[in-house]
Asker: 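Quick one: the structure is below, and I'll ask about it shortly.
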Amino acid sequence: SLTESDQLYRDLLDLTVTNWLEPARFRAEYLAINQMGGVQQSVPRTLVQMQANNTSDYEDMIARLQAVPELVDQEIALLQRGLESGITPPQITLRDVPEQVNNLLVDDPLTSPMLSAFTRFPESVPERERERLTEEAVEAFTTGVLPAYETLRDFLSDTYIPGARTSIAASDLPNGSEWYASRVRRYTTTDLTPQEIHDLGLSEVSRIRAEMDSIVALTGFAGTFADFLEFLRTDPQFYHDDAESLLSAYRDISKRADPELARLFGRLPRLPYGIRQIPSYAEKSQTTAYYQGGSTEAGRPGYFFANTYNLPARPKWEMVALTLHEAVPGHHLQIALAQEMEAVPEFRKHTGYTAFVEGWALYAESLGEEMGLYQDPYSKFGQLTYEMWRAIRLVVDTGMHALGWTRQQAIDFFMENTGKTEHDITVEVDRYIVWPGQALAYKIGELKIQELRAYAAGELGDQFDIRAFHDEVLRRGALPLGALERFVRHWVSEQQAALEQG
């Protein structure tokens, strides 16, 4: 008796609830901290994101600061249970986490990112309130937050990391093979097995490598493929000298991308976006970049966060592809459009199926060709490097978690096939180790979108409209890949019927 839309919402809500409940079966809550996340990152990030428009907003921040000790105690309790159950991240991936915590232990509370809002009050907060609010925030930080994080740091260094497991495979955890298969299904929204995904990855690596070889030939480089990768990793012409230059270059690329969007999309988001550097307390173990969604209601733009740590690991030739992925037409465009959907249940605006969200962002990198942004062979090689990077994920994620690969074997395979630097590759591999299955979503999703575009273009011929196709893919927000395919095929049938009648 439900309408087609309500049937979809019911099915997606059911899947959303299942995806949240399934990890509880494996006690995923015991994996409460790693180099990618935990209270050492979530608390500062939340406080920085909070609204700071009036006295009530500042009191909300103080309340959160006062709650940090309890939150940290709860996280330590979960970690302790994980130790007792044999459910921990691999020891090797935790090496920088105590330092991440230690970076939050500043002598002057007002230099902490958690209290940054208390150093710049808006005019809407009366002068007479500012001193009181600042004193309460400093008190909460000094008597609660600092001791809590000191306890966490010591627990990590003295107890948790020494007791963490030394193996890397998800299959080595209790019920690990079943757990990994569950994560693969969740992140890809398919029933592909680890072996099928591994084989697909090897095929994609071979295909992309052939394209990379052709680009190397265009540059006139004399040497082997390995020599060319070493040239890209080490030649100073490919690197910025300071963080501000790197960020300025990203902003320049984004502003060149913006006007090209109208040629590829009929509908664009209202929410603006900006570019910031990844906070220094987390940058060492963070990946190259990430996107943080904004909110029209909160008056907060979306942000593409770029890593400025270790500049010799941030080559210029990867910057166009990365900007297209994290900003537009990638994450910001897709996520902001989803948030701006009307007449849908609220959960639909914020549900993110990784295969769709990351598959779209990887597909967006390829649109740089049509947008005229790959203006030299090196930036085009960078785009292929990023596509290769995602194909390699299919190989090494399944290799490490299901097929017996070592961490070093994964790093070596990566080094042999991309121009990414060793630091970047090591951080990436460690990410796949602590987020089993997540990295599979990118290429699986991108391949499905490419397949549907080819299908639509083949069926509609000269009447194929790329703007209409993109709008159709994005107009319902993130979807499981099977649902996306059903909608696109139905849309093609409707277009064909309209053409026949016209």
Side-chain angles (χ1 to χ4, degrees), residues 198-240 246 249-250 252-253 256-257 260 264 288-289 311-325 329-330 359 361-396 399 409-426 428-429 442-443 446-447 449-451 453-454 457 466:
H198 188 83
D199 293 341
L200 175 61
L202 290 172
S203 173
E204 282 291 283
V205 166
S206 178
R207 177 188 66 79
I208 299 165
R209 172 62 184 273
E211 290 191 47
M212 295 173 87
D213 286 339
S214 67
I215 297 296
V216 175
L218 281 178
T219 69
F221 182 83
T224 65
F225 185 76
D227 293 336
F228 186 72
L229 296 184
E230 184 65 16
F231 166 62
L232 292 181
R233 291 184 184 123
T234 59
D235 195 294
Q237 68 173 300
F238 297 123
Y239 297 89
H240 288 281
L246 182 73
Y250 277 127
D252 175 68
I253 294 166
R256 286 191 281 126
E260 302 300 326
L264 296 175
T288 311
L311 289 173
R314 316 292 170 202
K316 295 177 182 178
W317 44 261
E318 73 177 6
M319 294 177 69
V320 173
L322 187 59
T323 304
L324 299 181
H325 183 105
L362 178 52
Y363 168 76
E365 294 175 24
S366 70
L367 296 179
E369 195 79 54
E370 292 161 86
M371 297 168 75
L373 295 177
Y374 297 123
Q375 297 176 348
D376 62 75
Y378 297 112
S379 62
K380 177 60 181 176
F381 190 88
Q383 184 253 317
L384 291 173
T385 291
Y386 266 47
E387 188 179 7
M388 176 68 89
W389 171 20
R390 280 38 169 264
I392 287 171
R393 288 173 168 178
L394 302 184
V395 178
V396 301
Q409 191 175 353
I411 291 172
D412 291 344
F413 187 80
F414 226 131
M415 290 286 290
E416 291 163 9
N417 287 288
T418 77
K420 292 183 74 63
T421 63
E422 187 169 4
H423 170 83
D424 226 7
I425 288 170
T426 301
E428 281 294 317
V429 168
Y442 298 65
K443 203 72 175 74
E446 180 239 10
L447 287 172
I449 295 170
Q450 293 280 20
E451 173 194 322
R453 174 173 171 169
I466 188 60

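These numbers come from a predicted model, not from an experiment. The residues of the chain are indexed from 1 along the displayed sequence.
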Asker: Angle class for the F231/F221 ring planes (parallel below 30°, perpendicular above 60°, tilted otherwise)?
Answerer: parallel
Asker: Which atom pair, heavy atoms only, marks the closest approach of A313 to H423?
Answerer: CB-CD2, 4.3 Å
Asker: With no hydrogens and no angle check, is any side-chain donor or acceptor of S206 less than 3.5 Å from a backbone partner on S203?
Answerer: no
Asker: At their closest point, which heavy atom of V429 faces which heavy atom of A410, and how far apart are they?
Answerer: CG1-CB, 4.1 Å
Asker: Would you find more than 12 non-hydrogen atoms of other residues, nucleotides or ligands less than 6.0 Å from E422 atom CD?
Answerer: no
Asker: Check ring-ring contact (aromatic ring centres under 6.0 Å, His included) between Y386 and all other residues, then give those that pass, not counting sequence neighbours.
Answerer: W389
Asker: Does the cation-pi check pass for R314 over Y250, that is, NZ or CZ under 6.0 Å from the six-membered ring centre and within 45° of its axis?
Answerer: no
Asker: Just by distance, do the side chain of D227 and the backbone of T224 share a donor-acceptor pair under 3.5 Å?
Answerer: yes
Asker: Measure up the H325 and Y442 rings against each other and bin them: parallel (under 30°), tilted (30 to 60°), perpendicular (over 60°).
Answerer: parallel
Asker: Would F225 and M212 count as a side-chain contact (heavy atoms from CB on, under 4.5 Å) if you check the C-alpha gap in whole Å, the side-chain angles of each, and the deciding distance to 0.1 Å?
Answerer: CA-CA 9 Å; F225 185 76; M212 295 173 87; 4.0 Å; yes
Asker: I need the minimum non-hydrogen distance between G368 and L324, along with the two atoms involved.
Answerer: CA-CD1, 3.4 Å
Asker: Give the minimum heavy-atom separation between E260 and R256, together with the two atoms involved.
Answerer: CG-O, 3.6 Å
Asker: For the atom pair OG1 (T323) and CG (L373), what is the distance rounded to the nearest 0.5 Å?
Answerer: 9.0 Å
Asker: Determine the minimum heavy-atom distance between V320 and I253, stating which atoms define it.
Answerer: N-CD1, 3.9 Å
Asker: Any chance you could lay out the side-chain contact (heavy atoms from CB on, under 4.5 Å) test for M319 and L322, step after step, and finish with the verdict?
Answerer: CA-CA 5 Å; M319 294 177 69; L322 187 59; 5.6 Å; no
Asker: Using the ring-ring contact (aromatic ring centres under 6.0 Å, His included) criterion, which residues pair with H240? Sequence neighbours excluded.
Answerer: none
Asker: Evaluate the criterion side-chain contact (heavy atoms from CB on, under 4.5 Å) for residue pair E387 and R207; output intermediate values, then yes/no.
Answerer: CA-CA 11 Å; E387 188 179 7; R207 177 188 66 79; 2.8 Å; yes
Asker: Under 4.5 Å between any side-chain heavy atoms of E211 and I215, yes or no?
Answerer: no
Asker: Going by heavy atoms in the side chains, are L229 and F381 under 4.5 Å from each other?
Answerer: yes
Asker: My understanding is that only residues two or more places apart in sequence, or in another chain, count here; which of them pass salt bridge (charged side-chain N to carboxylate O under 4.0 Å, His left out) with K420?
Answerer: E318, D424
Asker: So, does Y239 use its side chain to make a donor-acceptor pair with the main chain of R233 at under 3.5 Å?
Answerer: yes
Asker: State the CG-OG1 distance between L232 and T219, to the nearest 0.5 angstrom.
Answerer: 8.5 Å
Asker: Does R393 come within less than 4.0 Å of E446, counting only side-chain N to carboxylate O?
Answerer: no
Asker: Where do K443 and E204 land on the side-chain contact (heavy atoms from CB on, under 4.5 Å) test, with the steps shown first?
Answerer: CA-CA 9 Å; K443 203 72 175 74; E204 282 291 283; 2.6 Å; yes
Asker: As an exercise, state the distance from CD1 of I449 to OG of S366, rounded to the nearest 0.5 Å.
Answerer: 9.0 Å
Asker: Going from CG on D376 to CG on L218, what distance comes out if it is rounded to the nearest 0.5 angstrom?
Answerer: 11.5 Å
Asker: Identify the two heavy atoms, one from I208 and one from A391, that lie closest to each other, and give their separation to 0.1 Å.
Answerer: CD1-CB, 3.9 Å
Asker: Atom CD1 of I392 and atom CE of M415: how far apart are they, to the nearest 0.5 Å?
Answerer: 11.0 Å
Asker: Side-chain contact, heavy-atom cut-off 4.5 Å: K316 with Q237?
Answerer: no
Asker: Any non-hydrogen side-chain atom of L447 less than 4.5 Å from a side-chain atom of L200?
Answerer: yes
Asker: Using a 4.5 Å cut-off on heavy atoms from C-beta on, say whether the side chain of Y374 contacts that of E365.
Answerer: yes
